[in-house]
Amino acid sequence: MDNNLPVVCRACNRTVKMDQVKFDETRRSYVCITCFNSTHKTMPEIRRTNPSSLKTEAENLKSVKDSMVKYSCLGCKYHFSRKKDKQVASCPYCGSKKLQTLGDTANQILEDADKYNF
Ligand SMILES: [Zn+2]
Ligand SMILES: [Zn+2]
């Protein structure tokens with residue numbers, strides 16, 4: 001008995017070897033292993049990535065704000081902010097070295113603006 005006789009798959013009509021076919025109960029006929037697996041395979045579970053590990057946009061903005069220092073140029077009244085670890089020697093607008101470091105809170109700046117009304 002030759003086990004390698006060519007058999008036509010009932011599902012895809014491919015001719016496959018006898019040892020490459022399986023009896024499919026749902027089709028009640030012999031199909032190739034590929035077709036058999038595609039019929040009987042279980043759907044793999046789709047894992048969703050957990051978004052909780054990602055920082056929210058608000059948290060990111062806060063951390064950036066915290067590391068910024070506000071400067072005010074006494075020469076041209078230009079206001080700008082730089083990162084805390086970055087040394088600022090002169091005004092980026094007029095090049096003046098007369099720089100004033102402003103308070104961290106926005107309230108302080110508003111207060112100053114009210115007082116001097118510049
Ligand atoms: Zn097939
Ligand atoms: Zn300036």
Side-chain angles (χ1 to χ4, degrees):
M1 180 93 186
D2 192 354
N3 280 340
N4 280 331
L5 279 170
V7 177
V8 177
C9 167
R10 298 283 173 174
C12 68
N13 287 323
R14 267 200 313 160
T15 306
V16 289
K17 294 281 177 65
M18 191 70 181
D19 57 358
Q20 295 290 302
V21 294
K22 281 183 177 247
F23 189 76
D24 187 350
E25 291 286 346
T26 53
R27 289 189 179 89
R28 302 195 65 76
S29 57
Y30 285 97
V31 295
C32 69
I33 286 172
T34 310
C35 292
F36 184 87
N37 287 340
S38 69
T39 310
H40 293 271
K41 73 178 177 189
T42 51
M43 290 295 286
E45 258 186 74
I46 301 161
R47 286 173 185 273
R48 287 172 187 274
T49 50
N50 193 356
S52 69
S53 61
L54 293 168
K55 269 190 174 181
T56 63
E57 206 171 311
E59 278 176 322
N60 281 330
L61 281 172
K62 191 176 177 287
S63 65
V64 168
K65 229 179 176 180
D66 286 348
S67 61
M68 298 296 271
V69 177
K70 287 191 172 68
Y71 295 91
S72 173
C73 173
L74 295 177
C76 69
K77 299 285 194 287
Y78 181 69
H79 283 204
F80 60 99
S81 49
R82 288 288 181 273
K83 282 183 177 178
K84 248 176 196 172
D85 54 359
K86 196 169 186 176
Q87 286 290 317
V88 180
S90 58
C91 170
Y93 192 74
C94 71
S96 169
K97 285 182 167 59
K98 291 172 186 168
L99 293 177
Q100 192 179 40
T101 311
L102 296 175
D104 289 323
T105 57
N107 288 338
Q108 185 69 42
I109 295 160
L110 286 172
E111 226 173 69
D112 288 349
D114 281 345
K115 262 184 219 167
Y116 302 110
N117 198 26
F118 60 84

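The shown structure was predicted, so the numbers you read here are calculated from the model rather than taken from an experiment. Both counts, for ligands and for their atoms, begin at 1 and track the order of listing.
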Given the Zn ion (ligand 1) as the apex, I'd like the angle to SG of Cys35 and SG of Cys12, rounded to 10 degrees. 110°
How long is the straight-line distance from SG of Cys91 back to OH of Tyr71, given to the nearest 0.5 Å? 12.5 Å
Three-point angle Cys32:SG, the Zn ion (ligand 1), Cys9:SG, rounded to the nearest 10°: 110°
Side chain to side chain contact (heavy atoms under 4.5 Å, CB included) between Arg14 and Thr34: does it pass, once the steps are laid out? CA-CA 10 Å; Arg14 267 200 313 160; Thr34 310; 3.4 Å; yes
Please name the residue in the list His79, Lys77, Lys98, Gln100 that meets the side chain to side chain donor-acceptor pair (under 3.5 Å) test with Ser72. His79
What distance separates Arg82 CZ from Met68 CE, expressed to the nearest 0.5 Å? 7.5 Å
Which pair of heavy atoms, one from Thr15 and one from Val8, lies closest together, and at what distance? OG1-CG2, 3.9 Å
Using 30° and 60° as the class boundaries, would you call the ring planes of Phe23 and Tyr30 parallel, tilted or perpendicular? perpendicular
Which heavy-atom pair separates Ser90 from Gly95 by the least distance, and what is that distance? CB-O, 3.6 Å
Counting only protein N, O or S atoms and ignoring waters, those under 2.8 Å from the Zn ion (ligand 2) are Cys73 SG, Cys76 SG, Cys91 SG, Cys94 SG
